[in-house]
Engineer: 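The following block contains the structure, expressed as structure tokens.
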Amino acid sequence: MRKFICLFYVAVLLFCLCSCGRTPAVTFYGKTVFSTKGGFVAEIDNKYYIYTDINKQPMDFIIDPLSTEESVGNVLCTDGQMVYYENENSEIICRDMVTYEEKVFFQPSVNSGISLLGLTDAVTNEVEDGSGFYDITAMYIDSSGDAYIVCNNQLCKLDSGKVTPVLDNYIYTLRYDGNKVYFVDIARDFFVCDSNGSNLHKLIDAKVSANFSVIKDCIWYQPLNDLKSIYSCALDGTKSRIEAAESDGVNSFRVDEKYIYYTDAKNRYLHRLPIGSSEPETLLEQTVVQFNLVPETDKLILSVSEENGVVKTVIY
């Protein structure tokens with residue numbers, strides 16, 4: 001009997017030790033995720049944290065949390081080591097995530113020469129031409145080392161501190177796969193071009209939604225006349241086919257090399273469909289406001305709506 005009691009207490013003690021040593025799940029409010037060297041960047045309450053591990057607490061800020069002034073920033077892109085973000089002055093700052101050194105990569109000038117070319121009718125009064133007003137929403141650096149941004153919904157090149165438009169298209173969403181640029185414009189047409197804006201041509205005949213992915217030599221998209229389905233096609237626009245269908249419609253989707261993740265339009269429940277399969281599984285029967293894939297992991301960042309109306313974002 002005494003031996004049994006001793007074994008019982010030992011088991012309880014071991015359970016407690018294991019429970020206390022377990023790393024708590026990462027819970028935060030945020031949505032934007034970028035892969036970096038040794039971890040990833042996550043947006044939390046309009047600031048950006050560096051995580052070195054999926055189960056650890058934030059290691060560092062992109063934007064200085066100790067500043068006496070309110071910090072506003074927007075992470076634009078990263079190559080895994082350098083992270084480029086825009087501050088409240090529309091400057092693009094380059095931060096080395098190994099040494100933490102920062103430098104001003106781009107500083108807008110009043111005489112930058114930006115214009116909207118032939119788009120003035122579509123976006124009247126939205127942009128103060130040449131006055132230093134900038135709205136930078138995306139950025140990439142091509143294989144030649146040249147930097148491009150989507151500024152005031154137009155693809156532009158950064159050259160010696162100046163912003164020079166390279167396309168006369170009003171861009172809603174843009175993806176750069178390291179080789180080509182894919183984007184949806186104001187007319188919901190889907191285009192592809194070289195990284196410098198040359199060789200522009202329409203790729204998909206149908207009008208499409210602004211939500212699309214380019215991965216695994218495929219383009220994943222939704223035609224506006226069939227928002228109940230997710231289609232795929234080759235990078236040249238051929239061999240289009242339905243990959244997923246939801247009777248209540250698809251609200252939002254993301255794709256990695258193995259799965260299509262999507263929320264239905266009725267309840268916004270989260271579903272996962274293996275690529276090449278027709279049998280999705282429901283991952284979460286809870287309203288998902290937004291979600292993103294954490295690069296180089298099998299994790300998702302979900303912003304979910306709880307019963308009390310609070311939106312809570314967690315790693316799933």
Side-chain angles (χ1 to χ4, degrees), residues 26 28-54 56-109 112 114 127 132-143 145-164 171-178 181 183 195 290-297 301 303 313 315:
V26 178
F28 57 86
Y29 295 81
K31 56 183 180 179
T32 306
V33 185
F34 292 90
S35 176
T36 64
K37 186 177 181 64
F40 62 96
V41 179
E43 178 187 351
I44 310 168
D45 294 332
N46 297 320
K47 294 184 174 65
Y48 291 82
Y49 291 80
I50 292 295
Y51 281 76
T52 55
D53 186 88
I54 198 73
K56 288 185 178 179
Q57 296 301 312
M59 185 188 79
D60 196 74
F61 280 93
I62 291 293
I63 309 299
D64 184 5
L66 301 180
S67 173
T68 56
E69 300 180 358
E70 182 180 357
S71 294
V72 178
N74 176 34
V75 174
L76 299 169
C77 71
T78 176
D79 61 5
Q81 179 170 325
M82 300 295 183
V83 179
Y84 299 83
Y85 71 89
E86 180 190 16
N87 63 18
E88 60 268 31
N89 298 318
S90 293
E91 296 175 326
I92 297 178
I93 308 299
C94 174
R95 178 164 184 168
D96 189 316
M97 292 316 303
V98 175
T99 65
Y100 295 163
E101 294 180 355
E102 291 188 341
K103 64 179 180 180
V104 177
F105 184 79
F106 165 70
Q107 186 173 31
S109 61
S112 64
I114 188 170
V127 176
F133 175 82
Y134 296 85
D135 181 18
I136 301 171
T137 55
M139 175 179 174
Y140 63 88
I141 298 176
D142 68 11
S143 58
D146 294 324
Y148 295 84
I149 59 175
V150 176
C151 181
N152 302 333
N153 293 97
Q154 191 170 17
L155 183 62
C156 305
K157 182 180 180 180
L158 295 183
D159 187 13
S160 302
K162 292 186 177 182
V163 178
T164 305
I171 296 173
Y172 268 130
T173 51
L174 176 144
R175 306 282 186 269
Y176 174 63
D177 68 354
V181 174
F183 67 88
S195 62
Q290 282 184 322
F291 71 98
N292 274 293
L293 307 176
V294 179
E296 302 176 6
T297 75
I301 287 185
S303 294
T313 303
I315 288 182

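As the structure is a computational prediction, the values presented were derived from the model and not from experiment. Counting from 1, the numbers follow the sequence of the chain as shown.
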Engineer: Can you name the closest pair of heavy atoms from Tyr176 and Val181 and give their distance?
Structural biologist: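 Closest heavy-atom pair between Tyr176 and Val181: CD1-CG2, 3.7 Å.
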Engineer: Which residues pass the side-chain hydrogen bond (donor to acceptor under 3.5 Å, both in side chains) test with Asp146, not counting sequence neighbours?
Structural biologist: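 Partners of Asp146 by the side-chain hydrogen bond (donor to acceptor under 3.5 Å, both in side chains) criterion come out as none, since no residue qualifies.
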Engineer: Could you work out, with side chain to side chain contact (heavy atoms under 4.5 Å, CB included) as the rule, every residue matching Thr173, not counting sequence neighbours?
Structural biologist: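 Side chain to side chain contact (heavy atoms under 4.5 Å, CB included) list for Thr173, sorted by chain: Arg175, Val184, Ala210, Phe212.
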Engineer: Determine the minimum heavy-atom distance between Leu155 and Tyr148, stating which atoms define it.
Structural biologist: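 Here Leu155 and Tyr148 meet closest at CD1-CB, 4.2 Å.
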Engineer: List in chain and number order the residues that pass side chain to side chain contact (heavy atoms under 4.5 Å, CB included) with Ser143, two or more places apart in sequence or in another chain; answer none if no residue qualifies.
Structural biologist: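 Ser143 satisfies side chain to side chain contact (heavy atoms under 4.5 Å, CB included) with no other residue.
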Engineer: Given the rule in the side chain to side chain contact (heavy atoms under 4.5 Å, CB included) test, do Ile93 and Val104 qualify, once you have shown the distances and angles that lead to the verdict?
Structural biologist: CA-CA 5 Å; Ile93 308 299; Val104 177; 3.9 Å; yes
Engineer: Quick one, Cys77 and Tyr140 - any side-chain contact, counting heavy atoms below 4.5 Å?
Structural biologist: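 A side-chain contact under 4.5 Å is absent here.
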Engineer: Please identify each residue that fulfils ring-ring contact (aromatic ring centres under 6.0 Å, His included) with Tyr172, with sequence neighbours left out.
Structural biologist: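 Residues passing ring-ring contact (aromatic ring centres under 6.0 Å, His included) with Tyr172: Tyr170.
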Engineer: Under the rule for side chain to side chain contact (heavy atoms under 4.5 Å, CB included), what residues qualify as partners of Asp79, not counting sequence neighbours?
Structural biologist: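 Once residues adjacent in sequence are excluded, the partners of Asp79 under the side chain to side chain contact (heavy atoms under 4.5 Å, CB included) criterion are Gln81, Met82.
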Engineer: For residues Cys156 and Val163, report the shortest heavy-atom separation together with the two atoms involved.
Structural biologist: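 Closest pair (atom of Cys156, atom of Val163, distance): CB-CG1, 3.4 Å.
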Engineer: When rounded to the nearest 0.5 angstrom, what distance separates CD in Gln107 from CD1 in Ile92?
Structural biologist: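 Spacing of CD (Gln107) from CD1 (Ile92) equals 11.5 Å.
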Engineer: Going by the rule side chain to side chain contact (heavy atoms under 4.5 Å, CB included), which residues pair with Ala147 if we only count those two or more places apart in sequence or in a different chain?
Structural biologist: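 Applying side chain to side chain contact (heavy atoms under 4.5 Å, CB included) to Ala147 gives Phe105, Met139, Ile141, Leu158.
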Engineer: Ile171 and Gln154: which non-hydrogen atoms are nearest, and at how many Å?
Structural biologist: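 Ile171 and Gln154 have their closest heavy atoms at CD1-C, 4.5 Å.
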Engineer: What heavy-atom pair brings Asp142 and Ser195 nearest, and what distance separates the two atoms?
Structural biologist: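 Nearest heavy atoms, Asp142 then Ser195: OD2-OG, 3.1 Å.
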